[in-house]
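Step one of this worksheet: look at the structure below.
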Number of protein chains: 2
Amino acid sequence: MSKGRASIRDVARESGVSLTTVSLILNKGDERISDSTRQRVLSAIEKLQYRPSRLARGLPNNRSRTLAVLIPALQHAFADPYFGEIISGIYDYAADHDYRIMLEVARRDFIRRKQYDILIEECSVDGILFIGATEEHRFLAEFDGSDKPFIVVNNHFQQWKLRTVLCDYAVAGRLAADHLVELGHRRVGHISGPAAQVLTAEQVTAAFVDRLAEHGVELPDRLIVDGQFTVEMGELAMQELLTRDSELTAVFCGNDKMALGAYHACRRVGRTPGEDIAIVGCDNIPAAQMADPPLTTIHMNFYQLGTLACRTMIDLVDPVRCRRRAADEQSSDDGHNGHPESRCPRLPVSLIARGSCCEPAVGDRV
Amino acid sequence: MSKGRASIRDVARESGVSLTTVSLILNKGDERISDSTRQRVLSAIEKLQYRPSRLARGLPNNRSRTLAVLIPALQHAFADPYFGEIISGIYDYAADHDYRIMLEVARRDFIRRKQYDILIEECSVDGILFIGATEEHRFLAEFDGSDKPFIVVNNHFQQWKLRTVLCDYAVAGRLAADHLVELGHRRVGHISGPAAQVLTAEQVTAAFVDRLAEHGVELPDRLIVDGQFTVEMGELAMQELLTRDSELTAVFCGNDKMALGAYHACRRVGRTPGEDIAIVGCDNIPAAQMADPPLTTIHMNFYQLGTLACRTMIDLVDPVRCRRRAADEQSSDDGHNGHPESRCPRLPVSLIARGSCCEPAVGDRV
DNA sequence: GGGGTCTGGTAAAACAGTTTAGTAGTCCTG
DNA sequence: CAGGACTACTAAACTGTTTTACCAGACCCC
């Protein structure tokens with residue numbers, strides 16, 4: 001009796017019902033159990049401090065109420081605000097729905113040993129959310145069109161049909177173009193992300209160039225340099241841009257890190273961001289507003305992206321078992337569930353004007 | 001037969017032994033099973049692509065081969081390089097020993113709902129590693145002297161007996177003092193971490209002050225300001241320090257973020273770090289070497305700290321079940337296991353001299 | 001009052017492992 | 001050659017759930 005934790009049997013005995021009844025009450029909640037019985041069971045649960053074991057719960061149907069978050073094996077990946085924010089969002093939504101988050105890094109042996117299968121089969125993970133996937137992750141092909149619970153967060157792939165959740169990168173590119181043109185810039189450069197590996201990087205660039213063209217501003221290919229999404233490469237890219245056209249008045253960078261690298265390069269040649277040259281970033285990482293001057297950038301709500309990704313996953317793998325809390329948000333759910341393109345939703349973005357943009361110097365205006 | 005995954009029974013049938021035998025081979029590895037039988041079973045496992053289910057495995061003894069990493073509910077906590085590096089280390093060691101990592105945030109309801117018990121009882125987590133614990137986390141008292149598998153990473157508490165893994169903060173303080181004194185500084189300030197909440201912050205400060213005193217340099221209390229470990233507060237602290245003594249030639253900051261904040265404050269009053277004033281940080285986060293000038297700082301190997309924390313945990317909860325890989329590192333294990341103070345090991349730290357320190361201007365020398 | 005449909009439950013079979021207690025068979029010993 | 005110890009293996013109980021199939025009683029209808 002007093003040995004170890006209470007099990008479902010103890011609860012059944014305590015409340016004088018069968019163990020099936022207890023299980024029914026725990027799961028469906030509103031099945032064909034009378035109120036009086038339910039109350040009796042519930043108070044027995046309370047009295048015995050009963051906590052159902054997840055291990056045992058998952059066994060019969062091979063579900064663990066656990067989601068795996070997969071990130072690439074980059075150095076400091078965990079320390080990156082980009083990943084950090086998304087994971088935060090995933091975590092919070094998962095926690096609110098009684099799911100747990102398991103961390104997984106796509107190291108070399110991850111692919112070699114088919115770790116993704118192991119994750120699902122051996123660990124009974126209910127779903128996998130992959131952040132930071134790139135074209136290099138060939139194993140994604142295995143999920144092509146499959147109905148395995150796999151979601152790519154914030155990238156998407158034309159060659160494979162994968163479930164995806166994204167920020168609206170095309171709009172980001174357009175906002176940047178609009179902003180710079182409005183300020184009067186017509187001699188504009190661009191530091192792109194690694195477009196060959198990351199489709200969203202390509203989309204930002206394309207949207208930026210196209211929108212500039214709509215405004216009658218041409219951005220030749222030679223004024224687009226790849227900054228690999230890093231501070232260091234962003235610095236080099238800026239240096240290169242200034243060599244190719246020393247009279248640039250504005251630059252749009254595919255992410256904030258590269259923009260901060262660009263700051264350095266500008267300063268080294270005596271040009272001050274926000275005074276001599278306008279710089280727009282993308283992502284709105286914490287460092288952006290701490291920079292000097294604060295960086296004008298496109299705000300991406302990565303936290304919300306994580307939330308959305310997690311919600312999409314849970315809707316996918318657990319459509320029925322929405323208990324207590326699920327009811328709380330039914331009202332807000334409606335808009336989502338009915339959404340036609342819900343297999344690949346896009347999150348809105350917005351421009352945040354800060355100190356790193358200025359109008360072009362008078363002499364430079366066309 | 002061909003329905004779904006292979007189970008241990010399928011393997012037993014295929015290799016013509018009992019299911020017990022298969023289990024024995026899977027677990028102990030070197031029990032009293034003959035080589036010929038072992039080979040037969042192993043090849044059956046291979047042939048059937050058998051993967052034991054963790055859920056089922058854990059059920060009988062309530063272990064899941066999963067460790068929970070607990071972090072405080074700070075905004076952007078996941079995005080902090082400090083947490084990031086430690087988690088990386090934990091992850092890698094865990095992955096190499098066939099453990100999985102579960103993320104958990106100590107949100108308000110974490111404490112209210114005794115989530116830590118739920119973690120262990122309901123989720124069958126084998127151990128909990130808490131990063132970023134402070135004096136505010138009162139619930140730690142519940143683990144006081146208990147033998148629950150709970151480890152505090154990189155902080156420690158005098159009032160409770162908790163298992164702890166630490167960087168050597170006393171040495172950090174001493175190294176900073178030595179370095180500044182060697183350069184000739186005698187008029188020194190200090191931006192501390194929140195000493196009341198974080199014992200290691202207190203230790204750094206104490207060690208720094210004591211060592212300065214050994215060198216005959218006095219650091220009065222009014223030249224110690226709390227920077228709360230953040231960039232913003234570090235900036236304010238520096239501003240305050242410069243008000244209190246405008247002729248300071250050097251400042252040691254309790255972490256790199258505050259040091260970077262101090263950069264801003266110095267620049268605003270026209271003092272250039274590395275030229276007019278020497279600044280030493282602590283932690284060696286990635287931003288430290290990217291700063292301008294690169295920050296001289298105390299290197300803390302947080303990755304290795306994570307590794308050590310995880311190893312300590314696994315040694316604690318899984319002393320027996322060291323399979324295959326465990327043998328690989330037996331040689332290096334010896335030093336560790338025999339360690340007398342292994343309940344609270346300290347990781348060595350080192351000073352990395354970069355561009356943010358200079359000798360005091362000639363006029364300032366005493 | 002025989003037969004159908006609800007209502008509110010229950011018994012028992014999975015699920016996939018671990019672990020305990022044992023048991024044949026062989027070898028050695030006195 | 002009986003008895004003990006060792007070797008290599010196995011049967012069966014056990015872990016804590018979910019789920020399927022069934023069942024007794026109440027109620028209603030003709």
Side-chain angles (χ1 to χ4, degrees), chain A residues 3-41 45 48-65 98 118 120-124 126 318 320-321 323, chain B residues 3-41 44-45 48-65 118 120-124 126 318 320-321 323:
Chain A
K3 40 161 60 182
R5 289 161 62 186
S7 83
I8 197 171
R9 281 178 177 79
D10 299 322
V11 174
R13 196 178 315 124
E14 174 77 22
S15 48
V17 298
S18 80
L19 134 186
T20 307
T21 306
V22 180
S23 173
L24 252 25
I25 291 176
L26 246 43
N27 291 311
K28 316 297 163 69
D30 51 359
E31 208 65 1
R32 326 147 322 191
I33 306 294
S34 74
D35 266 2
S36 65
T37 305
R38 180 188 312 280
Q39 281 315 317
R40 226 158 1 109
V41 170
I45 286 176
L48 297 179
Q49 293 251 49
Y50 166 66
R51 284 198 244 282
S53 148
R54 283 190 177 233
L55 253 31
R57 253 180 148 183
L59 193 50
N61 43 21
N62 204 33
R63 315 289 231 54
S64 58
R65 274 192 107 72
D98 196 28
I118 293 190
I120 294 182
E121 293 202 350
E122 187 172 322
C123 302
S124 310
D126 294 359
D318 191 7
V320 190
R321 217 172 168 186
R323 308 211 296 269
Chain B
K3 42 160 60 180
R5 288 161 62 186
S7 84
I8 196 171
R9 283 174 175 80
D10 299 322
V11 174
R13 198 178 314 125
E14 174 77 22
S15 47
V17 298
S18 80
L19 136 185
T20 307
T21 305
V22 180
S23 174
L24 252 26
I25 289 176
L26 248 41
N27 291 312
K28 317 296 162 72
D30 51 357
E31 208 66 3
R32 326 147 320 190
I33 306 294
S34 72
D35 267 4
S36 65
T37 305
R38 180 189 310 280
Q39 281 316 317
R40 228 163 355 115
V41 170
I45 286 176
L48 298 178
Q49 292 251 50
Y50 166 66
R51 284 198 246 281
S53 148
R54 286 191 175 232
L55 255 30
R57 255 182 147 179
L59 193 49
N61 44 20
N62 205 32
R63 314 289 231 53
S64 60
R65 273 191 108 72
I118 294 190
I120 293 181
E121 293 202 349
E122 187 173 323
C123 302
S124 309
D126 295 358
D318 192 8
V320 190
R321 219 171 168 186
R323 309 212 294 268

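Both backbone and side-chain heavy atoms feed into the values below; hydrogens, waters and symmetry mates do not. Numbers restart at 1 for each chain; the letters A, B, ... are given by sequence-line order, proteins then strands.
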Do the side-chain N or O atoms of [X] get closer than 4.0 angstrom to the phosphate oxygens (OP1, OP2) of [N]?
X       : N      : answer
B/Thr37 : D/dA8  : no
A/Asn61 : C/dC15 : no
A/Thr20 : D/dT18 : no
B/Thr21 : D/dT10 : yes

Any heavy-atom pair between the side chains of [Y] and [X] that's under 4.5 Å?
X       : Y       : result
A/Arg57 : A/Asn27 : yes
A/Ser7  : A/Asp10 : yes
B/Val41 : B/Val17 : yes

Nearest whole Å is fine: how far is [N] [atom2] from [X] [atom1]?
X       : N      : atom1 : atom2 : answer
A/Asp35 : C/dT7  : CG    : P     : 14 Å
A/Ile33 : C/dG9  : CD1   : P     : 5 Å
B/Arg65 : C/dG17 : CZ    : P     : 15 Å
A/Arg54 : D/dT18 : CZ    : P     : 12 Å
A/Leu24 : C/dT10 : CG    : P     : 10 Å
B/Arg40 : D/dA8  : CZ    : C1'   : 12 Å
B/Ile25 : C/dG17 : CD1   : P     : 14 Å

Quick check: does any side chain N or O of B/Ser124 sit under 3.5 Å from a backbone N or O of B/Ser64, one acting as donor and the other as acceptor? no

Check: A/Arg5 side chain, A/Arg51 main-chain N or O, donor-acceptor pair, under 3.5 Å: yes

For A/Ile8 and A/Leu19 the tightest heavy-atom approach is CD1-O, 3.9 Å

Shortest non-hydrogen pair, B/Leu55 vs A/Leu59, comes out as CD2-N, 4.0 Å

Step-by-step side chain to side chain contact (heavy atoms under 4.5 Å, CB included) determination, A/Ile25 to A/Arg40: CA-CA 11 Å; A/Ile25 291 176; A/Arg40 226 158 1 109; over 6 Å; no

Can you check nucleotides 13-17 of chain D for protein contacts, nitrogen or oxygen pairs under 3.5 Å, and list what you find?
| from | atom 1 | to | atom 2 | distance (Å) |
| --- | --- | --- | --- | --- |
| D/dT17 | OP1 | A/Tyr50 | OH | 3.1 |
| D/dT17 | OP1 | A/Ser53 | N | 2.7 |
| D/dT17 | OP2 | A/Ile8 | N | 2.8 |
| D/dT17 | OP2 | A/Tyr50 | OH | 3.2 |
| D/dT17 | O5' | A/Tyr50 | OH | 3.0 |

Rounded to 10°, tell me the angle between the two end axes of the helix from C/dG1-D/dC30 to C/dG30-D/dC1, each built from five pairs. 60°

Taking atom types as modelled and ignoring hydrogens, do the side chains of A/Thr20 and A/Ser23 form a donor-acceptor contact shorter than 3.5 angstrom? no

